[in-house]
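The structure under discussion appears below in the form of C-alpha cells.
Counting convention: from 1, in listed order, for ligands and their atoms alike. What you are looking at is a predicted structure, and each value in this text was computed from that prediction instead of being measured. All heavy atoms count here, side chains included; hydrogens, waters and symmetry mates do not.
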Amino acid sequence: MVTGASSGIGAEFARRLARDGYALILVARRREQLEHLAGELGGAEILTGDLTSDEDLARVEARIAASPDLDLLVNNAGFGTRGRFWEAPLEGQERMHRLHVMATMRLTRAALAVMVPRGGGGIINVSSVAGFGQSPGNISYCATKTWMNSFTEGLDLELRGARSPVRVQALCPGFTITEFHEAMGASREGIPAWLWMRAADVVDASLRGLQQGRVFVVPGAIYKLVVFLEKLTPRALRSAAVIGAARRANRSKTA
Ligand SMILES: NC(=O)c1ccc[n+]([C@@H]2O[C@H](COP(=O)([O-])OP(=O)(O)OC[C@H]3O[C@@H](n4cnc5c(N)ncnc54)[C@H](OP(=O)(O)O)[C@@H]3O)[C@@H](O)[C@H]2O)c1
C-alpha cells in the first residue's frame with residue numbers, strides 16, 4: 001500500500017514496486033491521477049480518501065486489517081505550508097499534523113497488527129531532511145517530520161527488542177522534483193539545480209536501505225553531508241545561523 005500515490009515520490013514508489021511484482025493498493029484524494037497510474041501499471045487497487053478525515057482514514061485502516069499478507073506500507077502522503085506559525089492559517093497546520101502524525105500513526109498501527117503476528121513485512125515513513133532541524137517559516141513541517149523520525153526510530157527499537165523481523169524506515173529526502181513545491185505555492189527557482197534529486201533515485205535508495213535494514217535513509221551524498229554536519233554543529237551555533245538567515249531574508253523583503 002502506498003499513500004500519496006497520485007504524484008511525486010508516491011507514484012514513483014508505485015512504479016518501482018509494480019516492476020518488482022507487487023500487487024498494489026494506491027491511496028490519495030485525486031481519483032483521476034490514481035486511475036491513470038493504475039492504467040500505466042497494468043492494474044492496481046484504488047482507494048480514494050482524504051487521510052486527514054477520520055472516516056476516510058478508518059476505511060484505509062479497515063483495508064489494511066483485511067490484508068493479512070500486506071508486505072509493505074509506504075506512509076508517503078504529505079504536503080508543505082509557508083509562513084510563520086502565528087501568521088499561517090491554523091487549518092493548514094492542523095491538517096498537516098493530522099496527515100503527517102495521526103495518519104502515519106494509525107496506518108502504521110493497523111499494518112503492524114497484521115505484520116507482527118505474521119512475522120514479516122516493512123513500513124516506510126516518508127519523512128524529510130527537514131526532520132533533523134528547524135527552519136523558520138516551516139516549523140510545523142519540520143516538527144511533524146521530526147516526530148516521524150523519532151516514532152520510526154522508537155518502533156525499530158521495539159521491533160528489534162521483540163525479535164520481530166518486521167522492518168521500519170524513516171526515508172529523509174532533500175529537495176526532490178515532484179508536485180510538492182507547486183502544491184504549497186512555492187517556486188523551485190532560487191534553489192540550485194545540483195540540490196534537486198529525482199524521485200526515482202529517492203525510491204531506489206529507500207528500497208535498497210530497507211533490504212539492508214537501515215532505519216534512517218538519507219538519499220544523496222550532499223544531503224548525507226548536510227545531516228552529518230547538522231548533527232556535529234552545537235545547537236546554539238545552529239540557532240544563531242538560522243536566526244541570522246531569517247533576519248537577513250526579512251531585511252531584503254522589506255528593503
Ligand atoms: N519533494 C520534496 O522536495 C520532498 C522533500 C522531502 C520530503 N518530501 C516528502 O515526500 C512526501 C511525498 O511528497 P512529494 O514530494 O511526492 O509531493 P507531491 O507530488 O505533492 O505528492 C504528495 C502526495 O500526497 C497526497 N496527499 C496530500 N494530502 C493528502 C491527504 N489529505 N490525503 C491523502 N493524500 C494526500 C497527494 O495526493 P492527492 O492530492 O491526490 O490527495 C500526493 O499524492 C511528502 O510526505 C513530503 O513531505 C518531499
- prompt: In this structure, are over 12 heavy atoms from other groups packed under 6.0 Å from E182 atom CD?
  reply: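 No, CD of E182 has 12 or fewer neighbouring heavy atoms, counting only those of other groups under 6.0 Å.
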
- request: Taking atom CZ of R109 as the centre, report whether more than 12 heavy atoms of other residues, nucleotides or ligands fall under 6.0 Å from it.
  value: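 Atom CZ in R109 is not packed in, count stays at 12 or less.
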
query: Does ligand 1 have an atom that lies less than 4.0 angstrom from a heavy atom of G174?
result: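 Per 4.0 Å heavy-atom rule, G174 contacts ligand 1.
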
So which heavy atom in the protein is nearest [atom], and how far is it from that ligand atom?
atom	answer
atom 39 (O) of ligand 1	R29 NH2, 2.9 Å
atom 43 (O) of ligand 1	S6 OG, 2.8 Å
atom 45 (O) of ligand 1	N76 O, 2.8 Å
atom 19 (O) of ligand 1	S7 OG, 2.8 Å
atom 16 (O) of ligand 1	I9 N, 2.8 Å
atom 7 (C) of ligand 1	S127 O, 3.1 Å
atom 46 (C) of ligand 1	Y141 OH, 3.5 Å
atom 34 (N) of ligand 1	A77 CB, 3.6 Å

Side chains of [X] and [Y]: donor-acceptor distance under 3.5 Å anywhere?
X	Y	answer
S67	R63	yes
N125	S127	no
Q33	S7	no

- prompt: Nearest non-hydrogen atom to atom 13 (O) of ligand 1 belongs to which of F79, F13, F180?
  reply: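 Of the listed residues, F180 has the closest heavy atom.
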
Taking heavy atoms and a distance under 4.0 Å, where does [X] meet ligand 1: side chain, backbone, both or neither?
X	result
T3	neither
K145	side chain
A103	neither
H181	side chain

If you compare all heavy atoms of [X] against all heavy atoms of [Y], which two are closest, and at what distance to 0.1 Å?
X	Y	result
V114	A65	CG1-O, 4.2 Å
Q134	I139	NE2-O, 3.2 Å
R118	D71	NH2-OD1, 3.7 Å
S6	R30	OG-NH2, 3.2 Å

Close-contact set for ligand 1 against [X] heavy atoms, below 4.0 Å:
X	result
T52	31 (N)
G49	32 (N), 33 (C)
A5	43 (O)
L99	28 (N), 29 (C), 30 (C)
D50	30 (C), 31 (N), 32 (N)
V126	9 (C), 10 (O), 11 (C), 45 (O)
G8	16 (O), 19 (O)
F175	3 (O)

message: Using a 3.5 Å distance criterion without hydrogens, assess whether the side chain of Y223 forms a donor-acceptor pair with backbone atoms of F175.
response: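 Yes, the answer is positive, given that a donor and an acceptor are paired below the 3.5 Å cut-off.
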
Looking only at distance, does [X] have an N or O less than 3.5 Å from an N or O of ligand 1?
X	result
G10	no
A28	no
H100	no
S128	no

- prompt: Is the closest side-chain heavy-atom distance between F132 and T146 below 4.5 Å?
  reply: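 SC-SC contact between F132 and T146 ruled out.
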
- prompt: Looking at side-chain heavy atoms only, is the closest gap between T3 and V74 below 4.5 Å?
  reply: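 They are not in contact (no side-chain heavy atoms under 4.5 Å apart), so the answer is no.
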
Over-ring placement of R16 relative to Y22, 6.0 Å and 45° cut-offs: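 Verdict for Y22: no cation-pi partner in R16.
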
field: Atom pair CG/CD of L51 and E61 - distance to nearest 0.5 Å
entry: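 Atom-to-atom, L51:CG and E61:CD are 10.0 Å apart.
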
message: Once you measure the plane-to-plane angle for W196 and H181, does it fall in the parallel (<30°), tilted (30-60°) or perpendicular (>60°) bin?
response: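 Rings of W196 and H181: perpendicular, as their planes differ by over 60°.
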
